[in-house]
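Position 1 is the first residue of the sequence, and the numbers go up from there.
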Amino acid sequence: MKTQFDVVIVGGGLVGLATACALSQYNITVAIVDTKVNEHQNFAYDEIGIRASAINGASQRYFSQIGIWNDLCASERVHAFSEIGVWEKNGLAHLGAHAKDYGYPNLGYIIENNLISYYLYQHAQANPNITIFNLAAIDNNCTQDDAFLTLADNTRLQAKLIIGADGAHSWLRRHEKISMLERNYLHHAVITTVEIQYPHQACARQIFYPNGIVAFLPLWQANKGCLVWSTKPEQAAILTSLTEFDFCQELFKLTGDKVGQCQLVNPRMVFPLKARFAKQFVKHRLALIGDAAHTIHPLAGQGVNLGFQDSALLVATIRKLIEEQKDIGLQENLKSFQFTRRKDALVMLTAMRTIQDMFNGNNALKKMVRTIGMNAIDNFSPLKKKLIKYAMQI
């Protein structure tokens, strides 16, 4: 089997697969290394995925560039949402927006994660420029001119650049001793899929309350939604231990007037939430993207979009360097990528921290400030449009 490539990607999740597919279009040879990558080869059309993402305009355009957008749409499981509704439980703060008010066809798309990964995997498997290694990486070292990645069966891959797209607990980042800035959000996310009493009407909803945030992402079926309930760890433990009926009753107390009674469609999953930011996104013959470089709170649904934007810019940077006959693995040549992506990730990290801190607890002063602030934004159309355009990359 071939062992010499232009690029090796450690991590075969959404961002890693997308990067491989995008690079391969420019006759760049790519290896994907991941023990779980083959899990993406099957998709159960009669089931609804537990996790879904709010895909913004930039990510949708990237999917079109890669060549999977038409396949996703043909599945009839891509749901364009046209409205957002944000409010505070037992408070006066609220924010709403509808695409038609700004002349947009929609505000983004809700797509099941396993559907995206399925089509990316199919695209990667069919591409002669991509080789998949269903193995763990155990060692990595670099010379001046090349990078070498050793796999669990002692296969040694050679490349000009190794990309770490192996998630929040990145093996490659830890192996390269790249330190992280971390902040515990003191929240765990309870994620599942629910059937709701009232049709969602293509509206993405988010409810803030003193102990957490409840978000509904509208799926392709009118009465189905992806639920992301972030709350304190001890409350998350209680919520996952409740019977399905009692869990739905607790949910109804917070959201019943908007979505009605709920029933669970999928099991509940729990994830600790932590902000992470790598001190370096690039080193000699190494680049980090996606959750390997940064993680944020899911309250605005921007985590996966940040990862796809990392991927798109890194692919564009590599393509330009190759056209200029420059070394794609030199740290100096990747500095512009690092500067841009670190800046954008920092902006989003700061925004998520500010929003979470502002809505955390029931302090009277905080409550007054957030009510005045959110309602002012809601009533000032130019500012609201600018914020929506930035977040959704329309």
Side-chain angles (χ1 to χ4, degrees), residues 44-57 59-60 72-73 75-89 93-102 104-116 189-209 212-231 239 244-245 247-269 297-305 374 378 384 387-388 391-392 394:
Y45 281 93
D46 57 343
E47 298 177 4
I48 296 179
I50 294 179
R51 303 185 70 178
S53 294
I55 297 300
N56 66 19
S59 296
Q60 183 271 322
L72 288 168
C73 292
S75 73
E76 299 184 346
R77 296 171 78 114
V78 173
H79 189 70
F81 67 97
S82 55
E83 186 178 2
I84 58 172
V86 182
W87 68 95
E88 182 180 17
K89 185 70 175 177
H94 63 87
L95 177 67
H98 200 291
K100 68 180 181 182
D101 295 334
Y102 306 103
Y104 299 136
N106 57 66
L107 297 177
Y109 305 87
I110 308 300
I111 313 176
E112 295 149 281
N113 287 9
N114 58 352
L115 183 70
I116 301 171
V190 179
I191 299 175
T192 187
T193 314
V194 293
E195 181 175 328
I196 55 180
Q197 181 180 358
Y198 308 142
H200 54 61
Q201 298 181 318
C203 179
R205 295 179 168 90
Q206 200 159 56
I207 306 103
F208 290 87
Y209 71 106
I213 308 156
V214 176
F216 284 98
L217 303 180
L219 291 171
W220 50 282
Q221 292 185 357
N223 65 334
K224 300 289 196 309
C226 179
L227 171 71
V228 183
W229 187 343
S230 59
T231 186
L239 289 173
E244 291 189 12
F245 176 81
F247 175 86
C248 291
Q249 288 304 109
E250 290 299 313
L251 185 60
F252 181 76
K253 292 175 185 177
L254 293 172
T255 66
D257 56 333
K258 300 294 183 180
V259 301
Q261 292 284 355
C262 295
Q263 291 183 338
L264 293 185
V265 175
N266 280 316
R268 288 156 281 181
M269 301 173 64
H297 199 288
L299 67 88
Q302 291 301 305
V304 72
N305 290 306
M374 279 189 68
D378 195 45
K384 184 163 65 171
L387 289 172
I388 291 170
M392 302 315 301
I394 298 173

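Rounding to the nearest 0.5 Å gives a distance of 13.0 Å between CE of Met269 and CG of Leu227. Taken from CD1 in Ile213 to CG in Leu254, the straight-line distance is 12.0 Å, to the nearest 0.5 Å. Distance CG/Leu217 to OG/Ser53: 8.0 Å, rounded to 0.5 Å. Distance check: Ile196 CD1 to Cys248 SG gives 12.0 Å after rounding to the nearest 0.5 Å. The distance from the CD1 atom of Ile191 to the SG atom of Cys226 is 6.5 Å, given to the nearest 0.5 Å. We find the CZ-SG distance between Phe247 and Cys262 to be 8.5 Å, quoted to the nearest 0.5 Å.
A donor-acceptor pair shorter than 3.5 Å cannot be found between the side chains of Asn106 and Ser82.
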Working for ring pair (Phe, Tyr, Trp, His ring centres under 6.0 Å), residues Phe216 and Trp229: CA-CA 9 Å; Phe216 284 98; Trp229 187 343; 9.2 Å; no
task: Check step by step if side-chain contact (heavy atoms from CB on, under 4.5 Å) holds for Val265 and Val194.
output: CA-CA 5 Å; Val265 175; Val194 293; 5.5 Å; no
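Arg77 meets the salt bridge (Lys or Arg N to Asp or Glu O under 4.0 Å) test with Glu112; sequence neighbours excluded. Residues passing the side chain to side chain donor-acceptor pair (under 3.5 Å) test with Gln221, sequence neighbours excluded: Lys224. In terms of the side chain to side chain donor-acceptor pair (under 3.5 Å) criterion, Gln201 has no residue partners (sequence neighbours excluded). Partners of Glu250 under the salt bridge (Lys or Arg N to Asp or Glu O under 4.0 Å) rule, at least two apart in sequence or in another chain, are Lys253. Partners of Thr193 according to the side chain to side chain donor-acceptor pair (under 3.5 Å) rule, which considers only residues two or more places apart in sequence or in another chain, are Asn266. Asn114 pairs by the side chain to side chain donor-acceptor pair (under 3.5 Å) definition with nothing, not counting sequence neighbours.
Nearest heavy-atom pair across His79 and Pro218 is CD2-O, 3.4 Å. Contact between Ala204 and Phe81 at its shortest, heavy atoms only, is CB-CD1, 4.1 Å. Taking both residues in full, the closest heavy atoms of Ala52 and Leu219 are given as CB-CD2, 4.0 Å, listed atom of the first, atom of the second, then distance.
Counting heavy atoms from C-beta outward, Tyr109 and Asn56 have side chains that stay 4.5 Å or more apart. Within the 4.5 Å cutoff, the side chain of Val214 has heavy atoms near those of the Leu251 side chain. For the pair Ile55/Val304, a side-chain contact is recorded, criterion being any heavy-atom separation below 4.5 Å from C-beta on. Looking at Val78 and Trp220, their side chains never come closer than 4.5 Å, going by heavy atoms from C-beta outward. Annotation: side chain of Phe208 is not in contact with side chain of Lys89 (no heavy-atom distance under 4.5 Å). Between Thr231 and Leu239 there is a side-chain heavy-atom pair separated by less than 4.5 Å. Looking at Gln263 and Glu244, their side chains never come closer than 4.5 Å, going by heavy atoms from C-beta outward. By the 4.5 Å heavy-atom criterion applied to side chains, Ile84 and Cys203 are not counted as neighbours.
Judged purely by atom type and a 3.5 angstrom limit, Arg205 uses its side chain to pair as donor or acceptor with the backbone of His200. Side chain of Gln197 to backbone of Gln261: a donor-acceptor contact under 3.5 angstrom is found.
When the shell of 6.0 Å around CZ of Phe245 is examined, it contains 12 or fewer heavy atoms from other residues, nucleotides or ligands.
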